[in-house]
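Before any comments, here is the structure.
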Amino acid sequence: MLKSLGALLALGLAGLQFLAVLAVVFSSYLTSQTALLNHARDLLRDVGINTMEHSKGFLSPAEGAAELAARLAQNRVVASDDPRRLEQLLFQQLQIAPQFAGVYYGSEGGDFVYVMRSPTGPGEFRSKIIDHLDGQRRTRLIWRNDDFSVVEQRQDPEDTFEPRERPWYKKARVERTTIWTDPYIFFSSQQPGITLAAPVFKPDKSVRGVVGVDIEISMISEFLSRLNIGTNGKALIIHRNGDVIAHPNQDLIKTESEDGALRFADIREIDDPIARAAFGPLADSGSIPVAKETPSQFIYDGARYVSTMMPVISDKLPWTIAVYAPEDDF
């Protein structure tokens with residue numbers, strides 16, 4: 001009888017010890033899980049802030065360059081109606097700013113001078129000049145070396161480009177100040193980018209034309225591709241209308257519209273199913289952009305993920321940084 005009682009007491013004590021250890025282990029697990037999730041959220045927040053600062057630093061030189069080009073054009077070059085001098089000015093602007101894809105000027109009369117980088121040759125730079133001689137439109141293409149010497153030139157009678165119909169020209173003309181366009185696919189290079197444009201005024205304050213600077217934002221996608229967010233995390237940039245304008249995989253951000261023109265992929269259709277699961281519902285509810293940092297958790301294909309969205313970079317750049325990563329990475 002005593003042996004049975006002793007055995008029961010021993011079992012009871014062992015059971016109590018087991019329960020105590022289990023409680024401690026469970027409490028430690030919950031505490032560790034909370035700490036790791038907080039660490040993950042801090043990491044995602046740091047990535048978001050880093051991406052915001054990189055984007056601002058990448059784009060801010062364009063504003064000063066566009067305004068400088070506009071002032072120079074207004075004071076010295078455009079007023080003289082000398083396309084070659086204007087081309088040389090834009091050429092110099094492009095040389096000193098490596099993040100610029102192209103610099104150009106469109107006039108109220110429909111003339112256009114555009115200097116862009118030409119990685120496929122035959123020269124390092126290509127100029128496109130549209131003018132009107134005796135009422136006849138003429139389009140010339142000139143490839144130049146870094147010293148402004150001509151490599152090749154020819155005329156393009158099939159060209160139909162009209163600067164006054166482009167969104168950068170219309171917006172700068174109406175607002176009469178330096179403007180940023182929404183991201184779009186560039187006409188010449190077919191690359192995703194953004195334009196900063198500034199109006200050029202006549203002495204009577206009427207608009208003479210508009211100077212524009214193109215920046216290919218694919219370079220921001222390259223920056224995102226180099227970020228280490230856990231093992232499998234990713235950061236992307238979403239415009240306020242839901243378009244994904246930067247992603248570590250640049251091939252995912254462009255798609256064709258019904259008329260065959262290139263456009264940005266919407267977050268609800270991009271070929272990144274985890275990004276769709278993380279941020280697509282916010283787009284459906286009209287919650288992009290967010291007013292403040294918005295961390296979240298979600299499940300995709302049986303795996304748990306953490307994500308965060310940052311508030312917009314600025315009024316001029318209504319872009320939202322969105323970051324996600326699997327919980328298991330942490």
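Hydrogens, waters and symmetry mates are skipped; everything else that's a heavy atom, side chains included, is used. Given the structure is predicted, the values throughout are model-derived calculations rather than measurements.
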Exercise. Atom CE of Met310 and atom OG1 of Thr51: how far apart are they, to the nearest 0.5 Å?
Worked result: 9.0 Å

Problem set entry | Over 12 foreign heavy atoms within 6.0 Å of CG, Asp134 | no

Problem set entry | Shortest non-hydrogen contact between Asp271 and Leu252, atoms and distance | O-CD1, 3.6 Å

For this session: State, yes or no, whether a side-chain contact exists between Lys234 and Asn249 at a heavy-atom distance under 4.5 Å.
Result: no

Problem set entry | Tyr305 and Phe298 aromatic ring geometry - parallel, tilted or perpendicular at 30°/60° bounds | parallel

Exercise. Considering residues at least two apart in sequence or located in another chain, which fulfil the side-chain contact (heavy atoms from CB on, under 4.5 Å) criterion with Arg137?
Worked result: Ile130, His132, Thr139, Asp159, Phe161

Exercise. Given a cutoff of under 4.5 Å between side-chain heavy atoms of I, L, V, M, F, W and Y, with clusters grown through shared members, what are the other residues clustered with Trp143?
Worked result: Leu141, Val151

Exercise. What are the two closest non-hydrogen atoms of Phe264 and Gly193, and how far apart are they?
Worked result: CZ-N, 4.4 Å

Exercise. Are any non-hydrogen side-chain atoms of Ser118 and Phe125 less than 4.5 angstrom apart?
Worked result: no

For this session: Indicate yes or no: at least one non-hydrogen side-chain atom of Phe279 is less than 4.5 angstrom from one of Val244.
Result: no

For this session: Go through the steps for Asp214 and Met116 under the test side-chain contact (heavy atoms from CB on, under 4.5 Å), then give the verdict.
Result: CA-CA 9 Å; Asp214 281 349; Met116 62 175 286; over 6 Å; no

Seminar exercise, completed: Heavy atoms of Ile245 and Ile253 approach each other most closely as O-CD1, 3.7 Å

Problem set entry | Beyond-backbone contact of Asp182 with His239, side-chain heavy atoms, under 4.5 angstrom | yes

Problem set entry | Beyond-backbone contact of Ile321 with Ile313, side-chain heavy atoms, under 4.5 angstrom | yes

Problem set entry | side chain to side chain donor-acceptor pair (under 3.5 Å) partners of Asn145, counting only residues at least two apart | Ser149

Problem set entry | Exam field: side chain Ser206 to backbone Lys202, donor-acceptor pair closer than 3.5 Å | no

For this session: Decide whether Glu87 and Ser127 meet the rule of one side-chain donor and one side-chain acceptor closer than 3.5 Å.
Result: yes

Exercise. Taking side chain as C-beta onward, heavy atoms only, is Thr195 less than 4.5 Å from Tyr104?
Worked result: yes

Problem set entry | Sequence-distant partners of Asp266, side-chain contact (heavy atoms from CB on, under 4.5 Å), two or more places apart | Asp243, Arg268, Glu269

Seminar exercise, completed: In terms of heavy-atom contacts, Tyr300 and Ala277 come closest through CD1-CB, 4.1 Å

Exercise. Mind checking whether Val213 and Gln93 have side chains closer than 4.5 Å, heavy atoms only?
Worked result: no

For this session: Identify the residue among Arg208, Arg164, Arg173 that makes a salt bridge (Lys or Arg N to Asp or Glu O under 4.0 Å) with Glu108.
Result: Arg173

Problem set entry | Contacts of type side-chain contact (heavy atoms from CB on, under 4.5 Å), residue Ser107, not counting sequence neighbours | Tyr105, Asp111

Exercise. If you look at every heavy atom in Pro183 and Ile217, which pair is closest and at what distance?
Worked result: CB-CD1, 4.2 Å

Exercise. Taking the six-membered ring of Tyr169, is the NZ or CZ of Arg166 close enough (under 6.0 Å from the centre) and on axis enough (within 45°)?
Worked result: no

For this session: Could you tell me which residues satisfy side-chain contact (heavy atoms from CB on, under 4.5 Å) with Ala291, sequence neighbours excluded, listed by chain and number?
Result: none

Seminar exercise, completed: Interatomic distance, CH2@Trp180 vs NZ@Lys171, rounded to 0.5 Å, equals 11.0 Å

Problem set entry | Heavy atoms from other residues, nucleotides or ligands near CG of Asp146 exceed 12 (cutoff 6.0 Å) | yes

Exercise. Could you go step by step and tell me if Arg140 and Asp131 meet the side-chain contact (heavy atoms from CB on, under 4.5 Å) rule?
Worked result: CA-CA 9 Å; Arg140 289 175 290 152; Asp131 54 20; 3.3 Å; yes

Exercise. With side chains defined as the heavy atoms from C-beta onward, is the minimum distance between Tyr324 and Leu236 less than 4.5 Å?
Worked result: yes

For this session: Output yes when a side-chain donor or acceptor of Ser221 lies under 3.5 Å from a complementary backbone atom of His247, and no otherwise.
Result: yes

Exercise. Sub-3.5 Å donor-acceptor pair from the side chain of Gln155 to the main-chain atoms of Arg138, do we have one?
Worked result: no

Seminar exercise, completed: Between Leu227 and Ala235, the two heavy atoms sitting closest are CD1-CB, 4.2 Å

Problem set entry | Check: Thr320 side chain, Pro289 main-chain N or O, donor-acceptor pair, under 3.5 Å | no

For this session: Given side-chain contact (heavy atoms from CB on, under 4.5 Å), test Leu317 with Ser55 step by step and report yes or no.
Result: CA-CA 9 Å; Leu317 296 175; Ser55 299; 5.9 Å; no

